[in-house]
Structures are given as C-alpha cells and as structure tokens.
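Along the sequence shown, the residues carry numbers beginning at 1. What you see below is based on every heavy atom in this structure, not just the backbone, and it leaves out hydrogens, waters and symmetry mates. Just follow the structure's listing: the first ligand is 1, and inside any ligand the first atom is 1.
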Amino acid sequence: MAANPHPATPKKSAAAIDPLDLFDVRGSLTEEERLVQDSVARLVDAEVLPVIQKAFEEHKFPRDLVPKLAELGLLGSSIHGYDCAGLNAVCYGLICQELERGDSGIRSFVSVQSSLCMYPIYAFGSEEQKQKYLPRMARGELIGCFGLTEPHGGSDPANMKTHAKPRGPDWVLNGAKMWITNGAIADLAVVWAMTPEGIRGFIVEKGTPGFSAPEIQHKFSLRASVTSALFFDNVVVPGDRVLPGIVGLKGPLSCLTQARYGIAWGVIGAAQACLKTMLDYTQSRTLFGRPLAQNQMIQVRLADMARRITTAQLLALQLGRMKDAGTMQPAHVSLAKWNNVRMALDIARDCRDMLGGAGISAEFPPIRHMLNLESVITYEGTETIHQLTIGRQLTGLNAF
Ligand code: TGC
Ligand code: FAD
C-alpha cells in the first residue's frame, strides 16, 4: 500500500497545556518559586476553600486562618530578618495569586499585614520599632492595619485632614480614616497624618485612649474581610511611635506600590478560579442537545478569558522580575494593577452570566469573586487614578 502523502500532523496531547497557564509561566519559575506556589495552593485547597463561602455569607473574616498563614511564612514574606521569610518578589506575587484564587479578602488580609503595615515599619521604622513589632506580626500574634483614606476623598491623600501636633515629647492625633482593612481586629495601625513638617506615619496601638475602630457592616463586597473606620480624638502618641525614616506623601505611596504589586498578581488567581468553574460547567451542562462548551459563542468567550489571563500572567511575571532586579517604577505597577484587575472583574462578570440563574448562587464562586473585585478595582487607587498615572507618564502633564 502506498504511503499516505498527507499524514496527519502528530498531535501534541492537549493535556500537556494547562488551560489556566497557556504560556507555561510556571515553567519560567525557579524551583523555590514553584515550591512556594504549591505550598500556598495546598493551604488554599485545604483551609480556605472549605470555609470561604460560609464566611462570605456570614460577613465574617475567618480568623482561624491567621496562624496557618503565619506558619507558612506568608506574613511579611519579602522582609529579610525579624523572623520573616525573605522571599523574592515573584514568590510574593505567587502567594497573592494562590490566596486570591481562594478569596480576595484573604489576599487583602495578607496584603495589608505585609505590604501596608510591616513594610512601612521595616522601611521607615527605628530599629526598636522593627524589633518590637515585626517578629510578632510575622507570627500572626499582632495584626496590623493602614490608615490613609479619609471620608472626604481617598483618591487625593495629599489633601489630608487628619493631623498630629507635637506636645512635649509626644504627638496629639485628631481626625478620621475610612474603609480600613483589618481595622477592627488590628492590634496596631500605621496612620498617616499631617504634621507641621508634612505627612508622617504613626504607630497607634489598640486601646490607646481616644482611638476607636468600628467595623463597617452591610458590605456587598469583601464580606470575608474586616473593613473599618478609624477615629482619633486627641489621641496621645508617644514620640517613639512616629516612623522616623520618612516625611511626605512618598511614604504612604511607596507602601501602596508594594501592595498594588501584590494585587496585580492576586487577581489572576480570582480569574483562574472563575475560568476553571466555567470549563467544568460548560462541559457538563447540555442545552440544545449538546454540551454548552460545544457552541462557538461559548468557546469564543472562554478563549477570550484564557487570552486575557495569559497576558495578565506574562505582565505580572515581567513586573516581578523587574521588581527583583530593582527596575520597577510606580507607573509599571499602575499599568499592571489597572490591566489585571479589569481583566479579572470582566471575567468574573462574564462567568457569572454564563452560569445563567445558577450564577447568582453562592454555590458557584464567580459571583463572590465578582463582588470582591468591585472593591479591588476601587482600592489601592481606582482604575481612573491608574489610567491618569499612565497618562501623566506618557505626556508629562498632570491631569489629576
Ligand atoms: P505626587 O506628586 O504624584 O507624588 C508625591 C510624592 O510621592 C512620590 N510617588 C510615589 N512614590 C512611590 N510609589 C508611588 N506609587 C508613588 N507615586 C508618587 C512622588 O515621586 C513624589 O515624591 P517627591 O519626593 O517628589 O515628594 O502626588 P499627587 O498628590 O499628585 O498624587 C498622585 C496620586 C493621585 C497618583 C496619588 O495621590 C494616589 O495614588 N492616589 C490614590 C490613593 C490610593 O491609592 N489610596 C489607597 C489607600 S490604601 C488601600 O486602598 C488599601 S486596600 C488594601 C487591601 O485590603 O488589600
Ligand atoms: P473618591 O476618591 O471619592 O473617588 C470617587 C470617584 O471619583 C472614583 O470613581 C474615582 O476614580 C473618581 N475620581 C477621583 N479623582 C478623579 C479625577 N481626578 N478625575 C476623574 N475621576 C476621578 N484605604 C486605606 O487607607 N486603607 C485600607 O486598608 C483600605 N482598605 C479598603 C478596603 C475596601 C473594601 C475598600 C472599598 C476601600 C479601602 N480603602 C482603604 C480605601 C480605598 O483606597 C479608597 O476607597 C479609594 O482610594 C478611593 O477613594 P474614595 O472611596 O474616597 O473615592
């Protein structure tokens, strides 16, 4: 028999390509980075996914997770010394990604503890402050929060009303902060206040007279995370609780750069969780005599999600490599936060729709991720703030 002149191209098994990692970002990771990702993934599968739906429905942060997060070294994981893990930026990104595959609220807890409370103490604190707070925060014995946003407008923190006046060796703090993650459960708050010299950071401990942190109830988003107001009524802060290493808006903004970096990775996890749900669901649901997945429109929508997740993954990995190389700038972080959160929110909304009526049930994760991502697109700089940051970078003109 004559040989077939057109033999079928040998097909590579489709199983060799991970639908949630089409361009094999994992193949570009070091062994340590893969180990970190795998250990956090196991924690999320074993400890977060079984409890998160109930926690979200009950509007309750699953606090039992804190010692487990600490045990894995996930609190202040990028800090060197002070009982912290000293991992690189890509590892921190992967930690955020896996945690947010579980829920944005759990990633938020770790973002705030690590990037917004431990980081400023590490970067701008005295040696005594670092020794006093960082090891206990790494062990999860102390919980921190970060007070920058004020009720009259968070996008423009330069227009800050909360102020601190010197009185002898101490400071007297007055004002209010709004929408503060971890506030009501925090043992300490890093609070930014206007002083005669400019904006400065203060460590305010729970129980200080005149300081209160009531929880904000009735949220439809980040329900498994604690969000609070902070009030300061003539709060006396001892002189050794001011962060000595920074004066000016650059202080809080550089903390935001750390946290926004983690968010750019984190939201990939939320999007992956939504796409995974749909890959399973569209295979098993039969409509018009065929699986939902066997419709061109459905495949186009799934393909578009995979395309957007892939570009977000490549952006995050390059951002992480730049951060580790010391070349990352705030505008890079703005672009990644904007692109990746928009990607995840659009995907979560589309997945919610493709589930039909079932999409409004807590039984399927997309609506929970979608509602969470409505906060994530607002906090750490709204989408507009990041667009204007890129615009300013491109044109050299300030449109804020
Ligand atoms: P601008 O003149 O641009 O900057 C003042 C100084 O800061 C420096 N700088 C930065 N440094 C580090 N990282 C950044 N991202 C920085 N952006 C600016 C800048 O070089 C300058 O330094 P210097 O030495 O010249 O003084 O300040 P601006 O008043 O024009 O404001 C710019 C703008 C609008 C981008 C900024 O105000 C902003 O980012 N607004 C958004 C505020 C925001 O994101 N708030 C977030 C609150 S925290 C939060 O949401 C936590 S949610 C956590 C969770 O649960 O996960
Ligand atoms: P505003 O600043 O009032 O903005 C309102 C609208 O105006 C937005 O759409 C914005 O994009 C738009 N806008 C603003 N300026 C311009 C402009 N120049 N041109 C065009 N449009 C503009 N803050 C903390 O300090 N610590 C925390 O831990 C923290 N956790 C949070 C947790 C949650 C769940 C949420 C929802 C928020 C949290 N925030 C926290 C606050 C968050 O950072 C702010 O909500 C955010 O920065 C926006 O501020 P705002 O809500 O006051 O909105």
Side-chain angles (χ1 to χ4, degrees), residues 59 61 96 99-100 103-117 119-120 123-124 143-160 162 176-186 189-193 198-199 201 213 215-216 218-230 246-267 323 328-338 341 371-393 397-400:
H59 207 310
F61 171 62
C96 290
L99 293 176
E100 200 148 356
D103 192 84
S104 302
I106 308 305
R107 195 270 307 137
S108 262
F109 173 82
V110 170
S111 290
V112 170
Q113 179 83 349
S114 303
S115 293
L116 295 183
C117 202
Y119 172 79
F124 310 126
I143 292 176
C145 70
F146 174 91
L148 179 65
T149 303
E150 301 195 350
H152 61 273
S155 296
D156 183 16
N159 180 29
M160 183 176 288
T162 298
K177 300 287 177 181
M178 190 61 184
W179 304 115
I180 306 304
T181 300
N182 293 352
I185 56 167
V190 168
V191 178
W192 300 93
I199 292 172
E215 184 168 356
I216 297 171
H218 310 297
K219 292 180 297 170
F220 284 116
S221 176
L222 284 184
R223 289 172 60 84
S225 166
V226 170
T227 316
S228 308
L230 306 181
I246 192 80
V247 178
L249 190 58
K250 199 180 176 68
L253 291 185
S254 43
C255 304
L256 298 185
T257 293
Q258 310 305 312
R260 290 165 176 173
Y261 165 81
I263 290 171
W265 279 86
V267 292
K323 191 171 195 304
M328 184 187 86
Q329 292 183 36
H332 296 129
V333 185
S334 279
L335 194 136
K337 198 260 181 188
W338 163 24
V341 181
L371 292 168
N372 284 338
L373 289 161
E374 294 289 349
S375 283
V376 181
I377 204 162
T378 288
Y379 69 34
E380 293 283 359
T382 66
E383 186 172 61
T384 306
I385 290 297
H386 292 294
Q387 290 165 334
L388 295 177
T389 297
I390 304 298
R392 184 166 70 174
Q393 183 76 25
L397 301 171
N398 187 354
F400 286 112

Under a 4.0 angstrom heavy-atom cut-off, which atoms of ligand 2 come close to [X]?
{"X": "Thr382", "result": "10 (C), 11 (O), 48 (C)"}
{"X": "Leu148", "result": "25 (O)"}
{"X": "Glu380", "result": "43 (O)"}
{"X": "Thr378", "result": "45 (O), 46 (C)"}
{"X": "Thr384", "result": "11 (O), 20 (C), 21 (N)"}
{"X": "Tyr379", "result": "31 (C), 32 (C), 33 (C), 35 (C), 37 (C), 38 (C), 42 (C), 43 (O)"}
{"X": "Leu222", "result": "34 (C)"}

Look only at interatomic distance and state if [X] has a nitrogen or oxygen under 3.5 Å from any nitrogen or oxygen of ligand 2.
{"X": "Thr181", "answer": "yes"}
{"X": "Ser155", "answer": "yes"}
{"X": "Gly154", "answer": "yes"}
{"X": "Gly147", "answer": "no"}
{"X": "Thr149", "answer": "yes"}

For [atom], what is the closest protein heavy atom, and at what distance to 0.1 Å?
{"atom": "atom 28 (P) of ligand 1", "value": "Leu249 CD2, 4.2 Å"}
{"atom": "atom 17 (C) of ligand 2", "value": "Leu388 CD1, 4.0 Å"}
{"atom": "atom 8 (C) of ligand 1", "value": "Lys250 CG, 3.9 Å"}
{"atom": "atom 37 (C) of ligand 2", "value": "Trp179 CB, 3.5 Å"}

So, is [X] polar-close to ligand 1, with some N/O to N/O distance under 3.5 Å?
{"X": "Glu380", "answer": "yes"}
{"X": "Leu253", "answer": "yes"}
{"X": "Pro157", "answer": "no"}
{"X": "Tyr379", "answer": "yes"}
{"X": "Thr181", "answer": "yes"}
{"X": "Asn398", "answer": "no"}

Closer than 4.0 angstrom: is that true for some heavy atom of Cys145 and an atom of ligand 2?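 Contact absent.
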Do the side chain of Glu215 and the main chain of Val226 share a donor and acceptor less than 3.5 angstrom apart?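 Not at all, since once roles are kept as given, no pair shorter than 3.5 Å links the two residues.
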Passing option when Trp192 is tested against Leu249, Ile199, Thr149 for side chain to side chain contact (heavy atoms under 4.5 Å, CB included):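 Of the listed options, the one satisfying the test is Ile199.
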Judged on heavy-atom distance to atom 42 (C) of ligand 1, which of Pro252, Ser254, Gly154, Gly153 sits nearest? Gly154
Does the residue Ile180 have a heavy-atom contact with ligand 1, meaning some pair of atoms that are separated by less than 4.0 Å?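 No; Ile180 lies far enough from ligand 1 that no heavy-atom distance drops under 4.0 Å.
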Under 4.0 Å from atom 21 (N) of ligand 2, can you find at least one protein heavy atom? yes
